[in-house]
Amino acid sequence: MPGTQLPEGACDAHVHVYDSSVPAAPGARLHPPHASIDDYKPVQARMGTTRTVLVTPSTYGSNNAPMLAALAALGPNAKGVAVIRGDESYAHLRELHALGVCGVRINLSLGATHDAPSIAHIANRIAPLGWHLQLLMPTDQLLTLAPVLCSLPVDLVFDHFARITPAQCDQRAHALVLELLQSGRAWVKLSGGYLVSATLSTEDPALDALARSYIDAAPDRVVWGSDWPHATASAGLQPMPDDARQIDRLAQWASSTASLRQILVTNPERLYGFDPIPQHQP
């Protein structure tokens, strides 16, 4: 168990599910073992979170069926981030919306579904629904696409620390993300710290300054996710993280109970549309 007691309504904003009966998309680079909502629930109980954001992983391309099944299983305490091609009908997008989908992910690091020019097209497709656009891309591509990103008609969500490493603090890509956060155009997920750490671990003390840079710059634009079931770890790319320890590391970055509650409860309510939970006064 983590040493940190989480507030009521704490949200894990980055979870994937994998169904071994569903074929991977052509070109998919990660093929994790079966990982279902039943597998996740003990992890959730151990961490102390009660809300979940399910994200369709790159493994399935634009097949959202595993994510939608998990979304239905979790009910109103879950929201979904889908992957779309961009040619779906508005009727289909509205169906996804009714099921709890509130955003679309574009993965330019591992995805087999999108390329950079599709970003503006998809943003325009989802804007009428009030969805956000979740992005994962290398930092050089982030800088190249800066003019496009600054003009999109939707909120942006950068997952996995915006793929910025601790060594890139105070460099151009980091400054761009901070600018987008402070302007109210973007959000960042403090998820997958091991993906950007030189030691491949969320325990890396070099992550502290990077995490604090986002929290200090825009405390109302930061959320957190476990990245369960850690597909890159099951692929042997780094050690399997301890999710309870990830909670304790987040508490260290937040540095106060009020900040921790904002990251885990208040901010996810605003971004994903969860029903607000009143803060109990002492």
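- Note: F161 and Y214 have tilted aromatic rings, judged against thresholds of 30 and 60 degrees for the angle between ring planes.
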Evaluate side chain to side chain donor-acceptor pair (under 3.5 Å) for D19 paired with S21, printing each intermediate quantity in order.
-> CA-CA 5 Å; D19 186 338; S21 69; 2.7 Å; yes
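- L207 is not listed as a side-chain neighbour of Y194, based on a closest heavy-atom distance of 4.5 Å or more.
- In Q182, the CD atom is crowded: over 12 heavy atoms of neighbouring residues, nucleotides or ligands sit closer than 6.0 Å.
- The aromatic rings of Y60 and Y18 lie tilted to each other, with the angle between the two planes from 30° to 60°.
- For H16, the ring-ring contact (aromatic ring centres under 6.0 Å, His included) criterion is met by H14, not counting sequence neighbours.
- With respect to the salt-bridge test (charged N to carboxylate O, under 4.0 angstrom), the residues D140 and R163 do not qualify.
- A distance of 9.0 Å separates CG of L93 from CD1 of I126, quoted to the nearest 0.5 Å.
- Between W187 and F158, the ring center distance fails the sub-6.0 Å criterion.
- Taking D227 as the reference, nothing meets the salt bridge (Lys or Arg N to Asp or Glu O under 4.0 Å) condition, with sequence neighbours excluded.
- Taking a cutoff of 4.0 Å between a charged side-chain nitrogen and a carboxylate oxygen, R221 and D155 qualify as a salt bridge.
- The side-chain hydrogen bond (donor to acceptor under 3.5 Å, both in side chains) test with Q44 singles out one residue from D12, T52, T50, D243, and that residue is T52.
- The pair E269-R51 meets the salt-bridge criterion, since a charged nitrogen lies less than 4.0 angstrom from a carboxylate oxygen.
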